[in-house]
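To start, the structure under review is shown below, and the notes come after it.
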Amino acid sequence: MLGSSIAGKSVIVTGGSKGIGYGIAKVFAQHQAKVLVVGRDLKVAEAAARELAKAGGAVSAFAADIADWPATQAMAKAAADRHGGIDVLCANAGIFPQAKIEAMTPESWDEVMAVNLKGTFLSVKACLPYLKKSGHGRVVITSSITGPVTGFPGWTHYGATKAGQLGFMRTACMELAKDGITVNAVLPGNIITEGLRSLGPEYAKGMAAAVPMGHLGEVEDIGHAALFFATKEAGYITGQTIIVDGGQIIPESQDALAQM
Ligand code: NAP
């Protein structure tokens with residue numbers, strides 16, 4: 001059965017303490033994985049782990065800033081020590097402060113690059129020795145439709161990191177194929193999370209109106225796509241993307257949507 005290969009696997013979910021990462025961790029826990037949820041705030045991560053443990057599997061928390069190399073190495077070691085290795089890395093943590101180019105500071109640009117792009121690289125690099133040892137390692141990156149496919153004013157830095165993650169993926173998957181490791185990415189559309197809620201109800205309402213399915217996605221929708229890439233059955237898929245957006249990128253015009 002699809003997903004049965006996940007039971008007992010050691011899984012790291014960066015940003016697993018909230019939002020999409022929480023949904024990813026939940027789906028893996030429901031499939032009896034051993035999950036390490038990671039965020040900078042340990043208390044929040046611990047509360048998430050307690051809640052997630054109810055779904056099944058063994059879930060624990062670890063505090064790390066993925067933009068920091070020693071912290072990211074400590075994260076990988078903690079997963080390996082607690083769970084006997086690392087089979088799956090869900091490189092999901094990300095930030096999305098909004099600022100148009102004229103208002104954006106060089107510091108804000110650097111911060112988004114450091115967390116979203118360098119953080120992806122550091123997470124993969126730190127987990128690599130363990131993923132190699134696993135013999136069937138999986139890296140699943142949470143990118144976005146914003147950057148790789150679409151644009152949104154205020155997110156030049158964010159869009160650049162999300163497109164950059166795919167550039168990283170396409171070469172990483174080649175470098176790591178000899179070790180049996182696959183590297184793929186899920187591209188969410190607008191998913192209901194704490195982060196999205198903080199952008200206000202008008203933003204959420206406006207985004208839902210642009211989605212052919214008529215509603216925003218749930219965090220578990222991303223979890224199911226990430227789980228698929230991590231299964232034994234997906235072992236011959238690498239360097240690929242799945243867009244999970246309720247059809248948001250499809251309509252060629254406002255009129256096309258209106259005619260539905
Ligand atoms: P969120 O609700 O704000 O959650 C972000 C998570 O990442 C939290 O667990 C946060 O924990 C953690 N995090 C942030 N910076 C970190 C750092 N430097 N080191 C370690 N952990 C860090 O965000 P989200 O909406 O779920 O977004 C998650 C991912 O999905 C991001 O990569 C984002 O680009 C992508 N995405 C989201 C949407 C959407 O609609 N929500 C759409 C497309 C793509 P702490 O704050 O405790 O560190």
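Both counts, for ligands and for their atoms, begin at 1 and track the order of listing.
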- Query: What's the spacing between L216 CG and I192 CD1 if we round to 0.5 Å?
  - Reply: 5.0 Å
- Item | Heavy-atom check, side chain of I12 versus side chain of L89, under 4.5 Å | yes
- Query: What heavy-atom pair brings A63 and R40 nearest, and what distance separates the two atoms?
  - Reply: CB-O, 3.7 Å
- Message: Are more than 12 heavy atoms, taken from residues, nucleotides or ligands other than K34, located less than 6.0 Å from that residue's NZ atom?
- Response: yes
- Note on the structure: The answer, listing residues by chain and number that come under 4.0 Å of ligand 1 through any heavy atom, is G15, S17, K18, G19, I20, G39, R40, D41, A64, D65, I66, N92, A93, G94, I95, F96, V115, T142, S143, S144, Y158, K162, P188, G189, N190, I191, T193, E194, G195, L196
- Query: Roughly how far, to the nearest 0.5 Å, is the OG1 atom of T171 from the CG atom of L166?
  - Reply: 11.5 Å
- Task: With the side chain counted from C-beta on, respond yes when K132 and I181 share a heavy-atom pair under 4.5 Å apart, and no when they do not.
- Result: yes
